[in-house]
Structures are given as C-alpha cells and as structure tokens.
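Step one of this worksheet: look at the structure below.
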Number of protein chains: 2
Amino acid sequence: MTGSTGDTRSRIQAVALELFTEQGYEKTSLREIAERLGVTKAALYYHFKSKDDIVTSFVSDRIERLDGLIEWAGHQPADAAGRRAILQRYSEEFFGDTGHTVMQFFEQNRTVLTHLSSGQMMRDRLLQMAAVLSRADPSPAGQLRATLAIFAVHGSTFALRGPDITVEQRKQLALDVAYEMLDRIGASGADEDRTALRS
Amino acid sequence: MTGSTGDTRSRIQAVALELFTEQGYEKTSLREIAERLGVTKAALYYHFKSKDDIVTSFVSDRIERLDGLIEWAGHQPADAAGRRAILQRYSEEFFGDTGHTVMQFFEQNRTVLTHLSSGQMMRDRLLQMAAVLSRADPSPAGQLRATLAIFAVHGSTFALRGPDITVEQRKQLALDVAYEMLDRIGASGADEDRTALRS
DNA sequence: GTCTATACTTAGATAGAC
DNA sequence: GTCTATCTAAGTATAGAC
C-alpha cells in the first residue's frame, strides 16, 4: 500500500476506480487522483492517454469475461432451466470479488455507458445478454422480460434498503425475483397475443 | 421561434432540455446553449443561478405532479388491483406529452439523480413510488418487485429494439410485464420463507 | 429589468526539461 | 518516469451599458 514499489499504473487504476465509484466519473478530477497519489496530473498522462482511457483499462478485463459468458450462454439450452443457469452465472460474475467493484462503478456512472467508448462496449454486452436470454422469444415482451431479469441483479444493490442485508442475501433475492421473470419468457404465447390485440 | 419575443427564459429551458437529453448534461456546455440562442453565457446567468438551476426549473413541475400521484396512491387499496391502478397512472405521467421529455432527460442522465439537488428530489419520489407499491409487503422481495415494475416502464424506452414499435405499444407492453411483477407482491409469502431459509 | 464585457478558477490535455 | 509550464475550454461571477 504505502510501498514505493513500481506499479504506479495500477495504483492509478485503483484510486481512480475508487473515486469514480464514490463521487462519480465527471465529478472526479485528475488533479484529485494525482494528489492522492502524490504525483502531478502530467504523470497520469504518461500512463494513460486520457481520462476515459483509465476507465477502459479496468473495464476491458470485465468485457472479456462477459464475452466468454455470452459465448457459453449461446450453447446452453434455450429453455427456462438454461436461462436460469445463464443468469446465475451472470450474477456470480456481477457479485464476484473481482468484478463487483467495476460493476458498481457502472451502476454509479450509468451515463458512461452512453458517452464513453468503454461504456458503449459494456452496454453492448448487456444487450447481448438480454438477447441470448430472450432468444426463445425475441418479441418485445421477451426482450423486456430478459432486460428486467438482468436489472433485478443490478437493482438489488440499491433497491434493497437496509444495511442489515448481506451481499449473499441480495444475490439470492435478486435471482429469485429474476427467475420469475425468466420463466415467463416464451411461456404461453397466449398472453402476448391478447396483449397485442388489446391495444 | 425566430421571434424577438420576450421569453428568453423559457427558450433557454427548451434548448437546454433538448441538448441535455440528446448529448448529456455534462457534455453540454453553457456556451453551446447560449450560442444556439444568440446570446452570451452571462445572459443565462441572469435567468438562472447555475447550470443545475436550469435543470431544477424544468424538473420542479414534474416533482409536484409526482407528489400528487404519490399522495393519491397512498389512498388506493393496498391490493393487486390498487397497485395496477397506481402504476397505470404513473405510466400515463411517464409517457404523457408534458412529462415525457423530462423523464427522457433523466433516463439519459441517470447520474444526475445522484449528483444534482433536483435529481435527488426525483430519485426520492421514485423511491416513494416503490415504497407505496410494496406497502402490502415491505420485505426486500416486495421492494425489489416494486422497483422492477417501475423500471419496466422506464426500460421500455430503450430495452425494446426496433423503431417499428409505437409509443402506445411500448406503454402497453411495459404495463403488461409490470403487472406480472406487481401481482406477485405479497402474494403467497411462502416463497419468501423458502427463499430466506434456502440461503 | 435585460443583457454584454470581462475576468476568475478549474478542468482535461500537451510539450519539453530533468 | 516524472515535473514545470502552458494551452484551451469549461462553469462561475460581477460591473456596468441600455
């Protein structure tokens, strides 16, 4: 921690991720990051091309893991059990030690998904997740249900009030609710027809 | 439009809302807004205290309407039919002509909900909506289901791919899916117990 | 009451010395 | 690999013209 040891680059990543998550990407200045590390702004620019390049550096690893998950998901059965398995693995990725901080960063900086290149890549993977989850019923209703299932995982981090709830409980609760949504994808089909006509 | 007519203030609001929604709050500069109106930055500061005061000016109206809705919701029956009625009115508020642009602004600028005073007020109302929807079952599971129901309405604006889908269809679809979630709030209770124990 | 001119502070970013 | 100095543009603020 205190060590003089080499890796300034990874120290920048750690501090930036922490501050970006706590106070927001736009609200955190490079001066602030530099000061916390006892260096100048210019030093940051030796290690990273720009502010959003710092984000890219700790996001690309997540992207790769998500790509692996999506690829695997495509080979799972397109039934309810397959969907549950896919989302279960997604939630492990989301709540897992290595990925949790980065996912929390995106949860706190949702506009980054639109305005930063690395954010758009993540957004893209999220859409692919929804697509693979709803491939048994790619109708708008199926897409929306898949999106909501994913959001159950994300939303469990802030929709659940009270600090007396553990991470493990959040995770389990998110999955329980998400499964209800997943199980309805492409279920009867009769529902959808009624819906379409009702309007 | 071209007119020299008085209301610079409301012209600023209109242009700002449009640019903030299109390109994002942080990515839009006051210079840009001023130029588009043919005035200087300083003119903006005559009409508004600050950049985020412009946001407040067009959000406060939405807040008031939401307050009315929440107050009314508290008097509705705390059963499934009551919850459906509440969310239905919420979606009308969300998709309605007057409010839609402002709600789209928040959808495109979610970090504003955390970092701006007016955003926090809106965030507060959203939490109150979730609370009133889950008052029959204020457990974490109930809260999460209520939050997801609200998010079905919001998410229908971006989760539904394809431009061949009308606003009215989005609205109806969002409600259909949201109702599934609402109907499960405080339903059996047995589910929750199983969930709690399973972990 | 409505706006312009001007200036202050801080942001992200770059060039070049050590 | 890091620092000093500097650039442009951002948000902000005020004095004063009309």
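To find a chain, count down the sequence lines: A is the first, B the second, and so on, and within it residues start at 1.
- The phosphate of C/dG1 (OP1 or OP2) has no side-chain N or O of B/H47 nearer than 4.0 angstrom.
- Side-chain contact annotation: B/Q143 with B/S134, donor-acceptor N/O pair under 3.5 Å absent.
- Neither OP1 nor OP2 of D/dA13 sits under 4.0 Å from any side-chain N or O of B/Y45.
- The OH atom of A/Y46 sits 17 Å away from the P atom of C/dG16 (whole-angstrom rounding).
- For the residue pair A/E92 and A/Q88, a side-chain donor N or O sits within less than 3.5 Å of a side-chain acceptor on the partner.
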Please report the C-alpha distance between B/H154 and B/Y90 in whole Å, then the side-chain angles of each, then the deciding distance to 0.1 Å, and finally whether the ring pair (Phe, Tyr, Trp, His ring centres under 6.0 Å) criterion is met. CA-CA 11 Å; B/H154 292 220; B/Y90 178 79; 5.8 Å; yes

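- Ring planes of B/F58 and B/F20: tilted class, angle from 30 to 60°.
- For the 3.5 Å distance criterion, the side chains of A/Q104 and A/T21 fail to qualify, holding no donor opposite an acceptor.
- The CG-P distance, from A/D52 to C/dA11, rounds to 18 Å in whole Å.
- The interatomic distance linking A/L30 (CG) with D/dA10 (P) rounds to 17 Å, in whole Å.
- Atom CZ of A/F48 is separated from atom P of D/dG1 by 12 Å (rounded to the nearest Å).
- Rounding to whole angstrom units, NZ of residue A/K51 and P of D/dA10 are separated by 15 Å.
- Side-chain contact annotation: A/Q23 with A/Q108, donor-acceptor N/O pair under 3.5 Å absent.
- In this structure, the CD1 atom of B/I33 is 14 Å from the C1' atom of D/dT12, given to the nearest Å.
- In this structure, A/R31 does not reach the C/dG12 phosphate: none of its side-chain N or O atoms is under 4.0 Å from OP1 or OP2.
- Without hydrogens or angle criteria, A/R83 side chain to A/L182 main chain gives a donor-acceptor distance under 3.5 Å.
- Residues from residues 13-26 of chain B lying near DNA chain C, meaning a heavy-atom separation below 4.0 Å, are absent.
- When only modelled atom types and interatomic distance are considered, A/D124 and A/Q120 share no side-chain donor-acceptor pair under 3.5 Å.
- Nearest nucleotide to the side chain of A/T8, out of D/dT2, C/dG12, D/dG11: D/dT2.
- Atoms NZ (B/K49) and C1' (D/dA13) sit 14 Å apart, rounded to a whole Å.
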Pick out the pairs of N or O atoms, protein on one side and nucleotides 3-6 of chain D on the other, that lie under 3.5 Å.
unit_1, atom_1, unit_2, atom_2, d
D/dC3, OP2, A/T40, N, 2.9
D/dC3, OP2, A/T40, OG1, 3.0

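- Summarising the geometry, the separation between CG on B/L44 and P on C/dT2 is reported as 14 Å, rounded to the nearest angstrom.
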Evaluate salt bridge (charged side-chain N to carboxylate O under 4.0 Å, His left out) for B/E180 paired with B/R184, printing each intermediate quantity in order. CA-CA 7 Å; B/E180 298 171 6; B/R184 293 195 58 89; over 6 Å; no

